[in-house]
There are 2 protein chains.
Amino acid sequence: MNKAERQTKSDRTRAAIIAAAQAVFAAHGYERATVRDIAVRAAIDPAMIIRYFGSKDELFTRLAVFDLKLPDLSAVDSNQIGEALVRHFLSQWEDGANSGLTILLRSAASNEYAAEKLRAVFVEQVMPGIASVGGRAGAAERAGLVSSQLLGLALCRYVLKLPPLVTMHRESIIKQVGKTIQRYVTGR
Amino acid sequence: MNKAERQTKSDRTRAAIIAAAQAVFAAHGYERATVRDIAVRAAIDPAMIIRYFGSKDELFTRLAVFDLKLPDLSAVDSNQIGEALVRHFLSQWEDGANSGLTILLRSAASNEYAAEKLRAVFVEQVMPGIASVGGRAGAAERAGLVSSQLLGLALCRYVLKLPPLVTMHRESIIKQVGKTIQRYVTGR
DNA sequence: TGGAGAAGTCAACGTGTGTTGATTTTAATA
DNA sequence: TATTAAAATCAACACACGTTGACTTCTCCA
């Protein structure tokens with residue numbers, strides 16, 4: 001075995017910790033998630049988490065990241081941008097239900113670090129994307145409105161689990177909310 | 001002094017505890033708010049909080065209530081329902097910045113009791129209001145969409161404090177988001 | 001004014017938390 | 001197989017939390 005392969009054991013527990021931490025942080029948010037919960041789920045000792053990641057904070061920091069992976073909107077048919085954005089957003093969410101965005105949204109309301117991270121996602125990813133369509137004029141406000149609708153949708157459907165939004169079919173949401181986003185993005 | 005007035009002393013600390021608790025719960029959410037924080041802010045002993053309210057949970061329960069005070073929507077010009085709803089919602093929010101809705105929204109993402117309370121607000125207050133306009137057909141879904149936009153707006157403007165939404169003028173928001181709500185409520 | 005009940009103070013308890021250091025076990029090399 | 005470093009275990013720490021009960025102070029009426 002060469003050196004790279006030899007580390008496979010510790011890599012595995014490292015991965016187990018990350019997977020468990022993602023699930024627990026996503027389910028309960030930062031404050032309510034405990035190192036011991038994560039350890040149980042990963043079937044390891046709580047001390048290992050500190051050993052591998054330094055502290056609960058550092059582990060959270062490592063997982064509280066999110067890449068929207070916005071496509072090039074200037075390449076999309078400009079009448080379809082709204083629906084395309086909602087569709088993309090829903091996919092991003094459902095693909096990685098335990099991933100960054102869930103963790104951030106669950107924690108941001110009571111955790112300033114997570115809130116700041118979410119604001120950064122807005123400034124670095126949403127803003128530029130919106131500005132690339134319909135020009136820079138009023139892009140910040142348009143991006144803000146877009147975010148309010150998309151985050152609100154995620155909050156209600158995935159976090160609060162408001163019955164009608166949970167039940168509602170993906171395509172209905174895309175059609176309805178798509179119209180809203182379309183108007184926000186293009187200014188009608 | 002009669003009996004009612006004699007209790008004025010304890011009523012005052014009772015009120016101080018409530019005010020302090022509203023502020024702390026609204027600022028940090030249930031998990032992060034501590035009995036000791038509330039006590040410091042109310043300038044009283046932590047033990048008094050337990051003495052007066054039984055437990056942190058009971059105090060929270062007492063404050064985690066919200067009355068949307070929706071006006072009779074069937075009396076509003078049906079072309080103005082969207083704007084009227086947003087205006088009403090913003091007023092409700094800004095009037096009592098430390099009150100029920102803030103507390104609920106700050107806590108609901110990581111506190112199942114608060115989430116349940118928010119769902120109850122939806123079922124008991126938003127749903128009936130929306131159903132009273134445009135009929136019962138699809139009322140649940142329409143109400144869900146309305147909630148996603150309004151809660152998303154509150155989340156971004158008051159909790160996450162996304163810069164453009166914080167800066168944006170009240171009337172611009174009412175105009176822009178009003179159109180969205182109008183379409184959701186009336187089904188276009 | 002003295003006594004009784006309310007209001008407030010104080011120190012401490014038990015519990016759950018993140019974290020640490022010493023120790024034991026495991027696994028790869030010589 | 002013996003050796004050595006990595007990996008995992010364990011018990012315990014320090015701290016913050018909600019909560020309790022005994023005690024003191026205040027306040028008002030007889």
Side-chain angles (χ1 to χ4, degrees), chain A residues 1-22 24-25 27-64 103 106-107 110-114, chain B residues 1-22 24-25 27-64 103 106-107 110-114:
Chain A
M1 275 188 186
N2 64 26
K3 207 165 188 181
E5 285 169 1
R6 204 198 311 145
Q7 294 183 347
T8 181
K9 181 68 192 311
S10 78
D11 282 352
R12 212 162 347 177
T13 72
R14 198 179 187 82
I17 292 173
I18 287 181
Q22 282 179 324
V24 176
F25 280 137
H28 304 118
Y30 176 82
E31 337 285 346
R32 208 117 164 158
T34 75
V35 169
R36 284 170 166 86
D37 283 347
I38 296 169
V40 167
R41 191 174 236 273
I44 46 101
D45 192 278
M48 302 302 307
I49 292 172
I50 306 300
R51 222 180 148 75
Y52 275 71
F53 294 93
S55 69
K56 180 188 176 184
D57 276 335
E58 288 178 65
L59 175 57
F60 183 75
T61 299
R62 173 106 39 141
L63 299 181
I103 293 175
R106 275 253 192 236
S107 307
S110 59
N111 184 286
E112 185 51 31
Y113 175 82
Chain B
M1 275 186 188
N2 64 27
K3 207 166 186 180
E5 286 169 0
R6 204 199 310 146
Q7 293 181 348
T8 180
K9 181 67 193 309
S10 78
D11 282 353
R12 211 163 347 181
T13 72
R14 201 180 185 79
I17 292 174
I18 287 180
Q22 282 177 324
V24 175
F25 281 137
H28 304 119
Y30 176 82
E31 336 286 345
R32 207 113 164 164
T34 75
V35 169
R36 285 169 165 89
D37 283 347
I38 297 169
V40 166
R41 192 174 234 273
I44 47 103
D45 192 278
M48 301 303 312
I49 293 173
I50 306 300
R51 223 179 146 76
Y52 276 70
F53 294 92
S55 70
K56 179 188 177 184
D57 276 334
E58 288 179 64
L59 175 57
F60 182 75
T61 298
R62 171 107 39 141
L63 299 181
I103 292 175
R106 277 257 190 230
S107 306
S110 58
N111 185 286
E112 184 51 30
Y113 175 81

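Note on naming: letters A, B, ... go to the chains in the order of the sequence lines (proteins, then strands), and numbering restarts at 1 for each one. Since we're looking at a predicted model, the values are computed, not measured.
The nearest whole Å value for the distance from the CD1 atom in B:Ile50 to the C1' atom in C:dG8 is 15 Å. The CZ atom of B:Phe60 sits 14 Å away from the P atom of D:dT19 (whole-angstrom rounding). With rounding to whole Å, A:Ile49 atom CD1 is found 10 Å from C:dG18 atom C1'. In this structure, the CD1 atom of A:Ile44 is 16 Å from the C1' atom of D:dA6, given to the nearest Å. Taking atom CZ on A:Arg51 and atom P on C:dT25, their separation rounds to 16 Å, with Å as the unit. Regarding A:Met48, its CE atom lies at a distance of 12 Å from the P atom of D:dC10, rounded to whole Å. The distance from atom CG of B:Asp57 to atom P of D:dC17 is 16 Å, rounded to the nearest whole Å. One atom, CZ of B:Arg14, and another, P of C:dA6, lie 14 Å apart when rounded to the nearest Å.
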Show each protein N/O and nucleotides 11-17 of chain C N/O combination with a separation under 3.5 Å, one pair to a line.
none

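Residues passing the side chain to side chain contact (heavy atoms under 4.5 Å, CB included) test with A:Ala42 are A:Ala16, A:Ala20, A:Ile44, sequence neighbours excluded. B:Thr61 is linked by a side chain to side chain contact (heavy atoms under 4.5 Å, CB included) to B:Tyr113, counting only residues two or more places apart in sequence or in another chain. Residues meeting the side chain to side chain contact (heavy atoms under 4.5 Å, CB included) test with A:Glu112, sequence neighbours left out: A:Ala115, A:Arg119. Legend: residues meeting ring-ring contact (aromatic ring centres under 6.0 Å, His included) with B:Phe53, ordered by chain and number and at least two apart, are absent.
A close approach under 4.0 Å does not occur between any side-chain nitrogen or oxygen of B:Tyr52 and OP1 or OP2 of C:dA7. Within the 4.0 Å cut-off from OP1 or OP2 of C:dA6, not a single side-chain nitrogen or oxygen of B:Ser10 is found.
Counting non-hydrogen atoms under 4.0 angstrom, B:Phe53 reaches nothing in the nucleic acid.
The closest donor-acceptor contact from the side chain of B:Ser107 to the backbone of B:Gly29 lies at 3.5 Å or more, if one exists at all.
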Using a 3.5 Å cut-off and no angle test, enumerate the donor-acceptor pairs between side-chain atoms of residues 33-40 of chain B and protein atoms at least two apart in sequence or in another chain.
residue, atom, partner, partner atom, Å
B:Thr34, OG1, B:Arg36, N, 3.4
B:Thr34, OG1, B:Asp37, N, 2.9
B:Thr34, OG1, B:Asp37, OD1, 3.4
B:Thr34, OG1, B:Asp37, OD2, 3.3

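Relative to the six-membered ring of B:Tyr30, B:Lys56 meets both conditions, a distance below 6.0 Å and an angle of at most 45° to the axis.
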